[in-house]
Amino acid sequence: QVQLVESGGGLKQAGGSLRLSCAASGGTFSNYAMGWFRLPPGKEREFVASISWSGRDTYYADSAKGRFTISRDNAVNTVFLQMNSLQPEDTAVYFCAAQLFAVRITTPDSWGPGTQVTVSS
């Protein structure tokens, strides 16, 4: 089972940008669909974005479309989430997730510990 570690979270003002990274180890990275979820304060965890093993197919929550971009580099076993035009409602703990032999993340096999993103108004 692949192990995941996120990085790149932090505090930003509204309108700013952040790039999250998720490094994978212990598995064949290119066999996994990868994705990002987030847990806003006081709410349930929600899907943000997903990318197929090849990087050819991407999927986004409505809240992420047009502002966030998911990408992956299979050569360095890393998936990224570029977040632009950040808003206070993007404040959450962001989790990286992996699902084996999938095109789209539906039921992750592995989760990272999460990274905090805080957006101030």
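These values consider heavy atoms only, across backbone and side chains, with no hydrogens, waters or symmetry-generated copies. No experiment lies behind these values; they were computed from the predicted model shown.
- Taking all atoms of both residues into account, the shortest heavy-atom contact from M83 to L86 is CB-CD2, 3.8 Å.
- Residues W53 and V79 do not share a hydrophobic cluster, clusters being chains of Ile/Leu/Val/Met/Phe/Trp/Tyr side chains in contact below 4.5 Å.
- Closest non-hydrogen pair, A49 versus L81, comes out as CB-CD1, 4.2 Å.
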Under 3.5 Å, which donor-acceptor pairs do the side chains of residues 93-107 form with other protein atoms, sequence neighbours left out?
| from | atom 1 | to | atom 2 | distance (Å) |
| --- | --- | --- | --- | --- |
| Y94 | OH | R38 | NH1 | 2.9 |
| Y94 | OH | D90 | O | 2.6 |
| Q99 | OE1 | T106 | N | 2.7 |
| Q99 | OE1 | T106 | OG1 | 3.4 |
| Q99 | OE1 | T107 | N | 2.8 |
| Q99 | NE2 | T106 | OG1 | 3.2 |

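- With hydrogens and angles ignored, the 3.5 Å screen pairs no side-chain donor or acceptor of S50 with any backbone N or O of G35.
- Atoms CD and CG, on Q3 and N77 in that order, are 11.5 Å from each other to the nearest 0.5 Å.
- Among pairs with a residue in residues 8-51, those fulfilling ring-ring contact (aromatic ring centres under 6.0 Å, His included) read F37-F47, F37-W111, at least two apart in sequence or across chains.
- Applying the side-chain hydrogen bond (donor to acceptor under 3.5 Å, both in side chains) test to pairs two or more places apart or on separate chains, those with a residue in residues 11-25 are S17-N84.
- Every side-chain hydrogen bond (donor to acceptor under 3.5 Å, both in side chains) that K65 has, sequence neighbours left out, goes to D62.
- Both V117 and Y60 belong to a single network of hydrophobic side chains, linked directly or stepwise wherever heavy atoms of I, L, V, M, F, W or Y lie under 4.5 Å apart.
- Within the structure, side-chain hydrogen bond (donor to acceptor under 3.5 Å, both in side chains) pairs that include any residue of residues 112-121 comprise Q116-T118 (at least two apart or interchain).
- A donor-acceptor pair is defined here as one N or O able to donate and one able to accept, closer than 3.5 Å; no such pair exists between the side chain of E6 and the backbone of L4.
- Remark: S85 engages R67 in a side chain to side chain contact (heavy atoms under 4.5 Å, CB included) (not counting sequence neighbours).
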> Would V48 and F68 satisfy side-chain contact (heavy atoms from CB on, under 4.5 Å), going step by step from the backbone distance to the final call?
Replying inline: CA-CA 9 Å; V48 176; F68 295 1; 3.7 Å; yes
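- Between the S110 side chain and the V2 main chain, a donor and an acceptor come within less than 3.5 Å of each other.
- Atoms OG1 and CD1, from T69 and I51 in turn, are 10.0 Å apart once rounded to the nearest 0.5 Å.
- Sorted by first and then second residue, the salt bridge (charged side-chain N to carboxylate O under 4.0 Å, His left out) pairs with a member in residues 72-88 form an empty list; sequence neighbours excluded.
- The stretch residues 28-86 participates, sequence neighbours left out, in no disulfide (SG to SG under 2.5 Å) pair at all.
- Under the rule for a side chain to side chain contact (heavy atoms under 4.5 Å, CB included), the partners of T28 that lie at least two apart in sequence or sit in another chain are S30, N31.
- Judged purely by atom type and a 3.5 angstrom limit, T78 uses its side chain to pair as donor or acceptor with the backbone of V76.
- Listed by first then second residue, pairs satisfying salt bridge (charged side-chain N to carboxylate O under 4.0 Å, His left out) with a partner in residues 110-121 number zero, not counting sequence neighbours.
- Atom OH of Y59 and atom OG of S52 lie 6.5 Å apart (nearest 0.5 Å).
- Connectivity analysis of hydrophobic side chains (ILVMFWY, heavy atoms under 4.5 Å, direct or indirect) links V5 to nothing; its cluster partners are none.
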